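Worksheet: one structure, shown below.
Note that the structure is predicted; figures quoted are calculated from it, not measured.
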Amino acid sequence: MQKREASLAELANIIARRFYGNDVCINGLGLCNRKSKHKAILSYLTSLDYARFAFENIPVQALIVSSEIFEALNQKYLNRFSYIISEEPEEDFYRLHELLFKRTSFYENDDIRPVIKQGCKIHPTVIIEDNVVIGERVEIGAYTVISKGSIIGNDCHIGRLSVIGSQGFQAIRCKNGRMHNVTHVGGCRIGDNVWVGDNVTICNALFEGEVVIGDNSLIDNHTQVAHNCYIGDNNVLTAGVILLGSSILKNNCWLAPGAMVMNRVTIENNGFVGVNSVANKDVKQGKTVFGNPAIELEEFVKTKYAINKIINNKQK
């Protein structure tokens, strides 16, 4: 098996399952409703509700499905994809992913040539793994880990006890009830003039691509940036901020202490999320949101006024 290239027959054989349709060449695994840079990916369905997402996602060329779902698909879908049949499609999808990572060259990435450029100040306790690129004039504090495949731009500061390119968290419950965290095989890229504080965790992407931190962004202490997040330019993440998987900050956003951005939520340009607020839906350009769940400032003020009025009336 070559890097990023395997026939569907090879993949089916790894997990001892049957395949139907064309023996397509697969060069990536991914979720059926996510974009991919690869031309042919393998995904899975646990419900017919997601079939249309897969159908419209051009890179998805093959699916792992149960015999029940396979028999329920109409001819349009049967012609569109090749299939691996499994009664545990999600579990087999992630099992295949793990086996490809541990036993084959499928996920090997030798595209990055390791280099540490001039003018860097790196504490002797820092751990720098293979295939890491560190730009010019980068400072890295004590006991920080720069994981394999990470790329750091010029003029960056990385604090102490931080992890760049951490294993992300994608919990899957197996049929036997055992919980399993999926190995993340993507990367992490930090732009130029980025300041990262102490005890910060920036994860890798899950299947492909990179978690991105844009130029001139500031990330305060004890912040978590999960897999597949994208942070644009000139953003500020203050202490204790949490970005969950696949969330997006455009440019010039400000997240106050303790703010949380939920999975796949986008904060548009110049957005502001208040202290300890939970953004569970997209924040429009230039808007300020507060609360849990977070709502726009005008609505937040009206709601607080109404609540206080009710409380005051009850106390009379």
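Connection of Val212 to Leu237 is not established within any shared hydrophobic cluster, with ILVMFWY side chains joined at heavy-atom distances below 4.5 Å, either directly or through further cluster members. Under the 4.5 Å side-chain heavy-atom criterion for ILVMFWY residues, a single connected hydrophobic cluster contains both Ile122 and Ile146. Residue Ile151 is grouped with residue Val115 when hydrophobic side chains (ILVMFWY) are merged at heavy-atom distances under 4.5 angstrom, including chains of intermediate members. Val126 and Val145 fall into different hydrophobic clusters, defined by Ile, Leu, Val, Met, Phe, Trp and Tyr side-chain heavy atoms under 4.5 Å apart, directly or through other members. Linking ILVMFWY side-chain heavy atoms closer than 4.5 Å, directly or via other members, places Leu96 and Leu63 in two distinct hydrophobic clusters.
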Between Ile128 and Ile116, is a side chain to side chain contact (heavy atoms under 4.5 Å, CB included) present by the stated rule, with each step listed? CA-CA 10 Å; Ile128 300 175; Ile116 299 176; 3.8 Å; yes

What verdict does the side chain to side chain contact (heavy atoms under 4.5 Å, CB included) test give for Ile267 and Val273, after you've listed the backbone C-alpha separation in whole Å, the side-chain angles of each residue and the deciding distance to 0.1 Å? CA-CA 9 Å; Ile267 312 298; Val273 182; 4.0 Å; yes

Go through it in stages, so that I can follow the logic: the residues are Tyr44 and Ile84, the test is side chain to side chain contact (heavy atoms under 4.5 Å, CB included), and I'd like the CA-CA distance, side-chain angles, deciding distance and then a yes or no. CA-CA 9 Å; Tyr44 72 96; Ile84 293 175; over 6 Å; no

Does Asn204 form a side chain to side chain contact (heavy atoms under 4.5 Å, CB included) with Val185? I'd like the steps, not just the answer. CA-CA 7 Å; Asn204 280 331; Val185 298; over 6 Å; no

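Under the 6.0 Å cut-off for aromatic ring centres, Phe19 and Tyr83 do not qualify, their centroids lying 6.0 Å or more apart.
With a 4.5 Å cut-off on side-chain heavy atoms, Arg173 and Arg178 do not count as touching. Residues Leu218 and Asp220 form no side-chain contact, since every pair of their non-hydrogen atoms from C-beta on lies 4.5 Å or further apart. By the 4.5 Å heavy-atom criterion applied to side chains, Glu136 and Asp155 are not counted as neighbours. Between Lys37 and Pro59 there is no side-chain heavy-atom pair separated by less than 4.5 Å. Proximity of Ile164 to Val200: side-chain heavy atoms (C-beta onward) are nowhere separated by under 4.5 Å. Residues Leu206 and Val182 have side chains in contact (heavy-atom distance under 4.5 Å, counting atoms from C-beta outward). Leu29 has its side chain within reach of Phe93: a pair of non-hydrogen atoms, C-beta onward, lies under 4.5 Å apart.
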Cut-off 3.5 Å, no hydrogens considered: what does the side-chain donor-acceptor table look like for residues 97-104, sequence neighbours left out?
from, atom 1, to, atom 2, distance (Å)
His97, ND1, Tyr107, OH, 2.9
His97, NE2, Thr183, O, 2.7
Glu98, OE1, Thr183, OG1, 2.7
Glu98, OE2, His180, NE2, 3.2
Glu98, OE2, Thr183, N, 2.7
Glu98, OE2, Thr183, OG1, 3.3
Thr104, OG1, Leu100, O, 2.6
Thr104, OG1, Phe106, N, 3.2

What pairs of donor and acceptor atoms, side-chain ones from residues 71-78 against any protein atom, are under 3.5 angstrom apart with sequence neighbours left out?
from, atom 1, to, atom 2, distance (Å)
Asn74, OD1, Lys76, N, 3.0
Asn74, OD1, Tyr77, N, 3.3
Gln75, NE2, Asn79, OD1, 2.9

Below 3.5 Å, can you tabulate the donor-acceptor pairs from side chains in residues 186-194 to any protein atom, sequence neighbours excluded?
from, atom 1, to, atom 2, distance (Å)
Arg189, NE, Glu210, OE1, 2.9
Arg189, NE, Glu210, OE2, 3.4
Arg189, NH2, Glu210, OE2, 3.2
Asp192, OD1, Asn154, N, 2.8
Asn193, ND2, Asn216, OD1, 2.8

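Scanning for side chain to side chain contact (heavy atoms under 4.5 Å, CB included) contacts around Ala62 gives Leu8, Val24, Ile26, Leu42, Ser82, with sequence neighbours left out. Residues passing the side chain to side chain contact (heavy atoms under 4.5 Å, CB included) test with Ile242, sequence neighbours excluded: Gln224, Leu244, Met260.
Side-chain atoms of Asp198 come within 3.5 Å of backbone atoms of Arg160 as a donor-acceptor pair (strictly under, hydrogens ignored). A donor-acceptor distance shorter than 3.5 angstrom exists from the side chain of Asn251 to the backbone of Asp233, with no hydrogens or angles considered. A donor-acceptor distance shorter than 3.5 angstrom exists from the side chain of Ser217 to the backbone of Asn235, with no hydrogens or angles considered. Here the side chain of Ser86 pairs a donor or acceptor atom with the backbone of Glu88 at under 3.5 angstrom. A donor-acceptor pair under 3.5 Å links the side-chain atoms of Ser66 to the main chain of Ile69, judged by distance alone. The closest donor-acceptor contact from the side chain of Glu296 to the backbone of Lys287 lies at 3.5 Å or more, if one exists at all. Checking side-chain atoms of Glu68 against main-chain N and O of Val65 turns up no donor-acceptor pair under 3.5 Å. Under the 3.5 Å distance criterion, the side-chain polar atoms of Asn181 are matched with a main-chain donor or acceptor of Gly168. Side-chain atoms of Thr201 do not come within 3.5 Å of backbone N or O of Thr223 as any donor-acceptor pair. Judged by distance alone, with hydrogens and angles left aside, the side-chain atoms of Thr238 form a donor-acceptor pair with the main-chain N or O of Leu255 at under 3.5 Å.
Scanning both residues, Ser150 and Gly165, for their nearest heavy atoms gives OG-CA, 3.9 Å. The two residues Ile41 and His38 make their nearest non-hydrogen contact at CG2-CB, 3.9 Å.
Residue pairs meeting the side-chain hydrogen bond (donor to acceptor under 3.5 Å, both in side chains) criterion with at least one member in residues 9-24, sequence neighbours excluded: Ser7-Glu10, Arg17-Asp92, Arg18-Tyr20. Counting only residues at least two apart or on different chains, the ring-ring contact (aromatic ring centres under 6.0 Å, His included) pairs with a member in residues 211-249 are His184-His227. Annotation: ring-ring contact (aromatic ring centres under 6.0 Å, His included) contacts involving residues 279-298, sequence neighbours excluded, comprise Phe290-Phe300. Counting only residues at least two apart or on different chains, the side-chain hydrogen bond (donor to acceptor under 3.5 Å, both in side chains) pairs with a member in residues 261-285 are Lys250-Glu268. Counting only residues at least two apart or on different chains, no salt bridge (charged side-chain N to carboxylate O under 4.0 Å, His left out) pair has a member in residues 115-124. Residues in residues 148-170 take part in these ring-ring contact (aromatic ring centres under 6.0 Å, His included) pairs, two or more places apart or across chains: His157-Trp195.
Inspection of the Ser67 and Glu87 side chains reveals an N or O donor paired with an N or O acceptor under 3.5 Å.
Distance check: Arg52 CZ to Asn57 CG gives 12.5 Å after rounding to the nearest 0.5 Å.
Comment: Asp130 does not engage Lys148 in a salt bridge, judged by the lack of any side-chain N to carboxylate O separation of less than 4.0 angstrom.
The other residues sharing a hydrophobic cluster with Tyr143 are Leu161, where clustering joins ILVMFWY side chains under 4.5 Å apart.
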